There are 2 protein chains.
Amino acid sequence: MTDINKQHPGDDEIRQAIELLFFAYRDFVADPDKVLADYESPNGSLGRAHHRVIHFVGRNPGMTVAELLSILQITKQSLARVLRQLIDEGFIEQERGPEDARQRLLYLTAKGEAFETALSNPQRARFRRLFEKAGPEASRSFLALLFELINEDERDRVLSLIGRKPHAAS
Amino acid sequence: MTDINKQHPGDDEIRQAIELLFFAYRDFVADPDKVLADYESPNGSLGRAHHRVIHFVGRNPGMTVAELLSILQITKQSLARVLRQLIDEGFIEQERGPEDARQRLLYLTAKGEAFETALSNPQRARFRRLFEKAGPEASRSFLALLFELINEDERDRVLSLIGRKPHAAS
DNA sequence: TAAACTAAGTCAACATGACTGACATAAATA
DNA sequence: TATTTATGTCAGTCATGTTGACTTAGTTTA
């Protein structure tokens, strides 16, 4: 396909992988950044931090604040400002935990869902093009390797978050 | 909510890809972050920005400031602070351009090389383990797909960056 | 050669999103 | 009842990005 995959995996591939991951991630997050920059909110603008919160709350409706913190791996003080903005502007709503009333279960509002869609559309389109071009086998292999790139002690938690095992036999 | 109905074939993989890329990148950059946090410098601490500069100067010895800016896609004012620190602490040295004396060609010092190695060691180890486990075919496929993830109009430039051995004037 | 352009550096002000530490409140639990 | 837990908040700091204006030195061009 390109001349980056001519050689066998070695030090050169490893170096290329490090750089390709940097560039791929840079372009991957630049897409929603544009959407965020276009949105003008009354209480200040929205950034990547808001996107991440909207994404994970959308994927895990009813999740607690503590769960969100452990996914994002940031402090609660960092999350607080972002979450407050999203609640104040009606993207996210909180509900008292039915079993444990200390908990605040997080949900996207309809407005939040719509914004999530707008944010993830370009990212979905990017992967859709990629997977169509690469074919199912290479695509599944890609997911499996991305998964193996994650810290070993985090993989179980990630698995339960994203759903079915990415390297499952088909 | 995770493994109920797929809307279209591939949508589930696309969503997983988005989340896996987030987690993989998060853990991937956390490795050098620890090394950076351990280093105590006199003129303030070092962060990811310093790592990126050290990485690309190490990969492209003799590159100009303008070239570095176009790779990092940040403003020169942002780069200035980071670069000044790295020069003041002896990680990077500048040389007058032999053809164009306005240019400042950037090189890692021995100290800079050593630090680059320390920073990239955990990342290299992560990919080495990955590629050994996945095998050559899946590894090459992984690199090719990472490459395809990059913006189309950036690929030529990235290719010339990651593919070339020494830095050559274009 | 003088004027214009270019590469790099600098000063100032500001925004975002992280951080630490301390403390408050309400609810669950030992 | 006493303690622990889940969440929220106040205050300050740091790292890293931004814009805009300006300087200096060296190259190019009219």
Side-chain angles (χ1 to χ4, degrees), chain A residues 22 26 29-30 32-34 36-37 39-41 43-54 57 62-88 92-106, chain B residues 22 25-26 29-30 32-37 39-54 57 62-89 92-106 169-170:
Chain A
F22 168 77
R26 184 194 64 176
V29 295
D33 278 0
K34 280 171 209 143
L36 290 158
Y39 180 84
E40 269 306 317
S41 78
N43 314 337
S45 62
L46 305 178
R48 274 181 206 183
H50 303 83
H51 179 199
R52 290 196 288 267
V53 169
I54 284 175
V57 171
M63 76 190 308
T64 66
V65 172
E67 283 168 339
L68 184 54
L69 283 173
S70 83
I71 289 175
L72 298 175
Q73 292 188 184
I74 57 175
T75 58
K76 65 175 174 175
Q77 296 92 329
S78 289
L79 177 60
R81 181 183 24 189
V82 169
L83 196 52
R84 184 102 316 273
Q85 248 179 300
L86 291 173
I87 291 166
D88 288 350
I92 286 181
E93 52 189 4
Q94 291 180 310
E95 215 174 75
R96 221 166 213 273
E99 263 122 70
D100 188 336
R102 293 170 302 179
Q103 295 178 332
R104 298 288 174 269
L105 309 190
L106 303 172
Chain B
F22 168 77
Y25 194 80
R26 183 194 64 176
V29 296
D33 279 359
K34 279 172 211 145
V35 180
L36 289 160
Y39 180 84
E40 268 306 318
S41 78
N43 314 337
S45 62
L46 305 178
R48 276 180 205 184
H50 304 83
H51 180 200
R52 290 196 288 267
V53 169
I54 284 174
V57 171
M63 76 191 309
T64 66
V65 172
E67 284 169 337
L68 184 53
L69 284 173
S70 83
I71 290 174
L72 297 175
Q73 292 186 184
I74 57 174
T75 59
K76 65 175 173 177
Q77 296 94 328
S78 287
L79 176 60
R81 181 179 22 199
V82 169
L83 196 52
R84 183 102 314 273
Q85 249 179 300
L86 291 172
I87 291 167
D88 287 350
E89 299 194 28
I92 285 181
E93 53 190 4
Q94 291 179 310
E95 216 175 74
R96 246 171 123 81
E99 264 124 69
D100 188 334
R102 292 170 303 180
Q103 294 179 333
R104 298 287 173 269
L105 309 190
L106 303 172
S170 46

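From a predicted model like this one, the values you see are computed outputs, not experimental measurements. Lettering of chains follows the sequences in order, A, B, ..., and the numbering in each one begins at 1.
The interatomic distance linking A:E95 (CD) with D:dT7 (P) rounds to 14 Å, in whole Å. Nucleotide C:dG9 holds its P atom 8 Å from the CG atom of B:L106, rounded to whole Å. Counting to the nearest Å, the C1' atom of D:dT16 and the CZ atom of A:R48 are 11 Å from each other. Whole-Å rounding puts the A:I54 CD1 to C:dG17 P distance at 12 Å. One interatomic measurement links the two molecules: CD1 of A:I92 to C1' of D:dG8, which rounds to 16 Å at whole-angstrom precision. Rounded to an integer number of Å, the gap from B:H50 NE2 to D:dG17 C1' is 13 Å. To the nearest angstrom, C1' of C:dT16 lies 11 Å from CZ of A:R52. If you measure from atom NE2 of B:H51 to atom C1' of D:dA15, you get 16 Å, rounded to the nearest angstrom.
Nearest nucleotide to the A:T64 side chain, out of C:dT10, D:dT16, D:dT7: D:dT7. Of the candidate nucleotides D:dT7, C:dA8, D:dG8, D:dT7 has the atom lying nearest to any side-chain atom of A:Q103.
With values rounded to the nearest 0.5 angstrom, A:Q85 atom CD is found 11.0 Å from A:I92 atom CD1. Atoms CG and OG1, from A:D100 and A:T64 in turn, are 9.5 Å apart once rounded to the nearest 0.5 Å. Between atom CG of residue B:L83 and atom NZ of residue B:K76 there is a gap of 13.0 Å, rounded to the nearest 0.5 Å.
Residues A:L105 and A:P98 approach most closely at CD1-CD, 3.7 Å, considering heavy atoms. Annotation for B:R26 and A:I71: closest pair NH1-O, 2.7 Å, computed over non-hydrogen atoms. Of all the heavy atoms in A:L46 and A:L36, the pair that sits closest is O-CB, 3.7 Å.
Comparing B:A66 and A:A49 against DNA chain C, the residue whose closest nucleotide sits nearer the 5' end is B:A66.
Counting any heavy atom pair closer than 4.0 Å across all strands shown, B:Q94 reaches sugar-phosphate atoms only and no base atom.
At distances below 3.5 Å, at least one donor-acceptor pair connects side-chain atoms of B:R104 with backbone N or O atoms of B:R102.
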Footprint string (nucleotides 18-30 of chain D, 5' to 3'): B base within contact, S backbone only, - free, heavy atoms under 4.0 Å: BBBB----BS---
